[in-house]
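Input: a single structure, listed below in C-alpha cells.
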Amino acid sequence: MEDTPNTLMKFAKAVYNIIDTPVVFFREKIVEPNQKKYPWYHQKFRRVPTIDECYTDDFVCYTEANLQFERDKAVDDAILSILRSRYEECAVYHGQDDREICYPLRKIYEEASGAWFAKYGDLNPTLNVQQAYMKQKHRMVWERRHGPVGSGIKT
C-alpha cells in the first residue's frame, strides 16, 4: 500500500510527458519562431487592390476594395475622434487660457477634419468606394482646371 501513491505519481508524470512534451516542443521549436510578432492593437491587414486597379467585371475585387475602404474610414474616424477629444480636454482643463495653450491642438484637429471632409464629406449615407473614387477624380479635375478647391475659379 505504501507504493501506491508513488506509483500513481510516476504514472501521472509518464502520461504528462507523453502528451505535453511533444506539444511544448512543437510550439517552442516550430510555431513560435515562424510567427510574426505584433501587438494585438497593431494588427496589419493585407492591403487589397484599390478600386482603380479592379477590372469592370470583377465583383470580388470591388467587394474587397469596398471593405478596405470601410476599414480605412473607420481608422480615419477614430483618429479624428481622438484629435477632437484631445483638443476638447485641453480646452476644458485650461479654461479661458486655452487660446494660446491649445492652439496647436486645434490647428491639428482642423487640418485633419478638413482632410477627412475632402475625402468623405458630401457623400451619400450609403458610402462606397466607387463614390469616393469619383469624388476624388472630380476634385482632381477641378484643381487641374481652376486651382485648389476653395480658391475661386481662375479665368
For C90 versus I101, what's the shortest heavy-atom pair and its separation? SG-CG2, 4.3 Å
Tightest non-hydrogen contact, residues Y120 and L127, listed as CD2-CD2, 4.1 Å
Short question: side chain of N34, backbone of I30 - any donor-acceptor pair under 3.5 Å? yes
Rounded to the nearest 0.5 Å, what separates atom NE2 in H138 from atom OH in Y133? 10.5 Å
For E32, check salt bridge (Lys or Arg N to Asp or Glu O under 4.0 Å) against everything at least two apart and list the hits. R27
Would you give the length of the straight line joining atom CZ of R139 to atom CD of Q136, rounded to the nearest 0.5 angstrom? 6.0 Å
Close side-chain approach of L105 to Y109, heavy-atom, < 4.5 Å: no
Transitive ILVMFWY side-chain link Y103 to L83, under 4.5 Å: no
One pair to check against side chain to side chain contact (heavy atoms under 4.5 Å, CB included): D58 and Y62. What are the steps and the verdict? CA-CA 6 Å; D58 191 358; Y62 272 23; 5.6 Å; no
Verify whether one side chain among R71 and Q68 offers a donor that lies under 3.5 Å from an acceptor in the other. yes
Counting N and O atoms only, with roles assigned by atom type, does the side chain of S81 sit under 3.5 Å from a partner on the main chain of D77, one being a donor and the other an acceptor? no
Consider only side-chain N and O atoms of N124 and T126, and report whether a donor and an acceptor are under 3.5 Å apart. no
Connected via hydrophobic side-chain network under 4.5 Å: F69 and V60: no
Flag the pair D76 / L80 as yes when at least one side-chain heavy-atom distance between them is below 4.5 Å, and no otherwise. no
Would you say W116 ends up clustered with I108 if hydrophobic residues are merged whenever their side chains have heavy atoms under 4.5 Å apart, either directly or through other cluster members? yes
Find out whether N128 and Q131 are in side-chain contact, i.e. whether some heavy atom of one side chain is under 4.5 Å from a heavy atom of the other. yes
Could you see if M134 belongs to whatever hydrophobic cluster contains V129? Use Ile, Leu, Val, Met, Phe, Trp, Tyr and a side-chain cutoff under 4.5 Å. yes
How many angstroms lie between atom CD of E53 and atom SG of C61, to the nearest 0.5 angstrom? 7.5 Å
Do V75 and F117 share a hydrophobic cluster (ILVMFWY, side-chain heavy atoms under 4.5 Å, transitive)? yes
R106 atom CZ, over 12 foreign heavy atoms within 6.0 Å: no
Please check: side-chain N/O of K135 versus main-chain N/O of G121, any donor-acceptor pairing under 3.5 Å? yes
